[in-house]
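Both backbone and side-chain heavy atoms feed into the values below; hydrogens, waters and symmetry mates do not. For the single chain, residues carry numbers from 1 onward in sequence order.
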Amino acid sequence: MEGFISDSLYTNNSNQNNSLINRKMIFRVLGVLLLIEMGMFLLCAAISLGYGEKEALTFLQTAGINTLAGGLLLLFSREAENRLSKRDGYCIATLT
C-alpha cells in the first residue's frame, strides 16, 4: 500500500498539469465504486423478483443509471497514474 499512496502533493512529470489533485484517479475510484453499487442493486433486483415484488424495476433502473455514470467516469479516467495523495483521498471521501 505504500507504493499506492503518495506523500507528495504532486510529482514533476512533464505530462502532468499543475493541479494539486489527480482528477483522473479520483474519477476511476468513483467509477469503480458506482459499478460495485450497481452490482448490489442487481442483487436487490434479483431478490425482489424472487419475492414477486414490483420494486424490481426501480432497482434495475437505478442499476442502469449507475452503470452509465460509472462507465463514463471510467472512460474519462483512462491512462490515470496509479498514485493517490492524501488530498485525493480526502476528495474521494467527500464525494462519496
What is the minimum heavy-atom distance between A56 and S48, and which atoms define it?
N-OG, 3.3 Å
According to a hydrophobic-cluster definition based on side-chain heavy atoms being under 4.5 Å apart (Ile, Leu, Val, Met, Phe, Trp, Tyr only), do M38 and L33 belong together?
no
Rounded distance [0.5 Å steps], CG in L68 versus CD1 in I65
8.5 Å
State, to 0.1 Å, how close G70 and L34 come at their nearest heavy-atom pair, and which atoms those are.
N-CD1, 3.8 Å
Are L49 and L43 linked, directly or through other ILVMFWY residues, by side chains that come within less than 4.5 angstrom of each other?
no
Which distance, rounded to the nearest 0.5 Å, do you find between the CG of N82 and the CG of N22?
9.0 Å
Give the minimum heavy-atom separation between L35 and G71, together with the two atoms involved.
CD2-N, 4.4 Å
Same cluster or not: are L74 and I92 linked, directly or through other Ile, Leu, Val, Met, Phe, Trp or Tyr residues, by side-chain heavy atoms under 4.5 angstrom apart?
no
Output for pair (M40 CE, N66 CG), nearest 0.5 Å, gives 11.5 Å
Would F76 end up clustered with L30 when hydrophobic side chains under 4.5 Å apart are linked, directly or stepwise?
yes
What distance separates L60 CG from E55 CD, expressed to the nearest 0.5 Å?
12.0 Å
Using every non-hydrogen atom in the two residues, find where M25 and E81 come nearest and quote the distance to one decimal.
SD-O, 3.5 Å
In short, L73 meets F27 closest at the heavy-atom pair CB-O, 3.6 Å
Look up atom CG in L42 and atom CD1 in I47, then write down how far apart they are to the nearest 0.5 Å.
11.5 Å
Please check if V29 and I36 belong to a single hydrophobic cluster, counting links between Ile, Leu, Val, Met, Phe, Trp and Tyr side chain heavy atoms closer than 4.5 Å.
no
